Number of protein chains: 2
Amino acid sequence: MRKGEATRLRILEAAARQAAARGLTAVSLADVAEVVGLSKSGLFKHFDSKEAMQLAVIELVCARFIDFVWTAAREEPAGRARLLRAFDRWLEWGEHEWADCGCPVNAFIAELDDQPGPVRDLLRERLQVFRATGIGEMRRVRQPPLTEAEAQAAYFQMRSFVLGHADARRMMGDQDARDPARAAFEAMLDRVSAVAA
Amino acid sequence: MRKGEATRLRILEAAARQAAARGLTAVSLADVAEVVGLSKSGLFKHFDSKEAMQLAVIELVCARFIDFVWTAAREEPAGRARLLRAFDRWLEWGEHEWADCGCPVNAFIAELDDQPGPVRDLLRERLQVFRATGIGEMRRVRQPPLTEAEAQAAYFQMRSFVLGHADARRMMGDQDARDPARAAFEAMLDRVSAVAA
DNA sequence: TAAAAAAGAGCACGACCGGTCGCTTACGGG
DNA sequence: CCCGTAAGCGACCGGTCGTGCTCTTTTTTA
């Protein structure tokens, strides 16, 4: 049962890229099959339905995101250094890992935010994990730790700057969007670290 | 030719709401026709093709956005008051005007950011108008005016907080996202106003 | 008010959609 | 090595998609 698992991953890979570019529902099983080198019916040996494939795509992408951003950031000591690393990796996630099709997580959010159902539920659950992770790390930016409310506000801005970066870069064609995003984030870290330090 | 114009507007209205919810390409002409109370072929008396309708939808939505946010903000004196008003209207645009389906502009951006073609070109052109308007107003937040670079950085943050607000509110279900967004924006205005004031 | 023009209905088309079924092939554990 | 099973193929289904065609109804205008 080893070969099947490898094929399944190749399918998810192709589906994820297509979903990031066109949207989860706009993924064409025929196109995915062609990229992977399978027939359309061959896909159904790995997934019961398109929705099941969408769920698997979300799980794969979210697992990779956590690994790429937060696991990598844990190489740095907790606090400011780790947050800066996470922020850089977060920007890089959209800039390089998904350079051709854009960050799939953001694409999924935009598509699913008003589409009730199990697919959105799964995504929302993973996003809450991301958020809790980010807020947890944010608290440790200062000694004594930030309050929960402070950390939430700081994470809100962190998340906002990531979104602003993607917006400026992908839609407005501003390839230098990294600079204002990083500057804004660093300045924000300075402020929350300084208050009542 | 007066009745036709009214029908055309009703079509665009229905198409815009559907496009905001499902995406521009996912708009079904059959569904739009049913909402408007027309037959599918009747639509083609008002638009040569689906793409032509998409272009008209973008034009309508963008015109309404400029009016709702920036024209309304001009009731306030230039500077901080006007920017605060614009920010509030911007949040309200997503919260109330499009409460059921989400801000169509953001939806279009997410869908079109990697889809070359005349539809994206039109959207990008309008977004640049939005951006230029915002930056122009931002310069006047201080006397002497902000430099272009300062205003760009400030507008980046303004835009980011709007995006962060929509993200928190729509995807994470945080109905109180307005508070951190407004607090972050006001604090940012304070800082850019104070520097070398 | 009559003619011209616009608005719209009805229908059919080819393409593509997700999904099923039965068949064959190839792999993997005993 | 052998056999069960996983993997994959091709044909096909019902349905929806955007769009063209012709014909009728309504509106506008001269």
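These figures come from a predicted structure and were not determined experimentally. Here is the naming used below: chain letters follow the sequence lines, and residue numbers restart at 1 for every chain. Side-chain atoms are counted along with the backbone in the values below, which use heavy atoms only and exclude waters and symmetry mates.
Rounded to a whole Å, the NZ atom of B:Lys45 is 15 Å from the P atom of D:dT25. Rounded to an integer number of Å, the gap from A:Leu38 CG to C:dT24 P is 20 Å. Atom-to-atom, CZ of A:Arg10 to C1' of D:dA7 comes out at 12 Å; the value is rounded to the nearest Å. Distance NZ (B:Lys40) to P (D:dC21): 16 Å, rounded to an integer number of Å. Separating the CD atom of A:Glu5 from the C1' atom of C:dG28 is a distance of 15 Å, rounded to the nearest angstrom. When the P atom of C:dA7 is taken as reference, atom CZ of B:Phe47 falls 11 Å away, rounded to whole Å. Distance B:His46 NE2 to C:dA5 C1': 14 Å, rounded to the nearest Å. Regarding A:Glu34, its CD atom lies at a distance of 16 Å from the C1' atom of C:dC17, rounded to whole Å.
Which of C:dG28, D:dC9, D:dT19 sits closest to the side chain of B:Leu29 comes down to D:dT19. The side chain of A:Lys3 lies closest to D:dG8 when the candidates are C:dC21, D:dG8, C:dA7. For A:Arg2, taking side-chain heavy atoms from C-beta onward, the closest of the listed nucleotides C:dG28, D:dA7, C:dA12 is C:dG28.
Relative to the six-membered ring of A:Phe68, A:Arg89 meets both conditions, a distance below 6.0 Å and an angle of at most 45° to the axis.
The residues B:Arg131 and A:Asp174 are annotated as not salt-bridged, no charged nitrogen and carboxylate oxygen being separated by less than 4.0 angstrom.
Between A:Phe185 and A:Phe87, the ring planes lie parallel to each other; the angle is under 30°, not in the 30° to 60° tilted range.
Contact check, B:Thr7 against C:dG8: a side-chain N or O comes under 4.0 Å of OP1 or OP2. Contact between the side-chain N/O atoms of A:Ser39 and the OP1/OP2 oxygens of D:dG8 is not found at any separation under 4.0 Å.
Using a 4.5 Å cut-off on side-chain heavy atoms (C-beta onward), A:Val36 and A:Glu13 make no contact. Residues A:Thr147 and A:Glu150 have side chains in contact (heavy-atom distance under 4.5 Å, counting atoms from C-beta outward).
Among the atoms of the strands shown, only primed sugar atoms or phosphate atoms (P, OP1, OP2) are found under 4.0 Å from some heavy atom of A:Lys50. Within the 4.0 angstrom heavy-atom criterion, no nucleotide atom of any strand lies near A:Val36. Note on B:Val32: nothing from the nucleic acid sits closer than 4.0 angstrom, heavy atoms only.
With hydrogens and angles left out, the side chain of B:Ser41 and the base of C:dG10 share a donor-acceptor pair within 3.5 Å.
If B:Gly37 and A:Asp31 are placed on DNA chain C by their nearest nucleotide, the residue sitting closer to the 5' end is B:Gly37.
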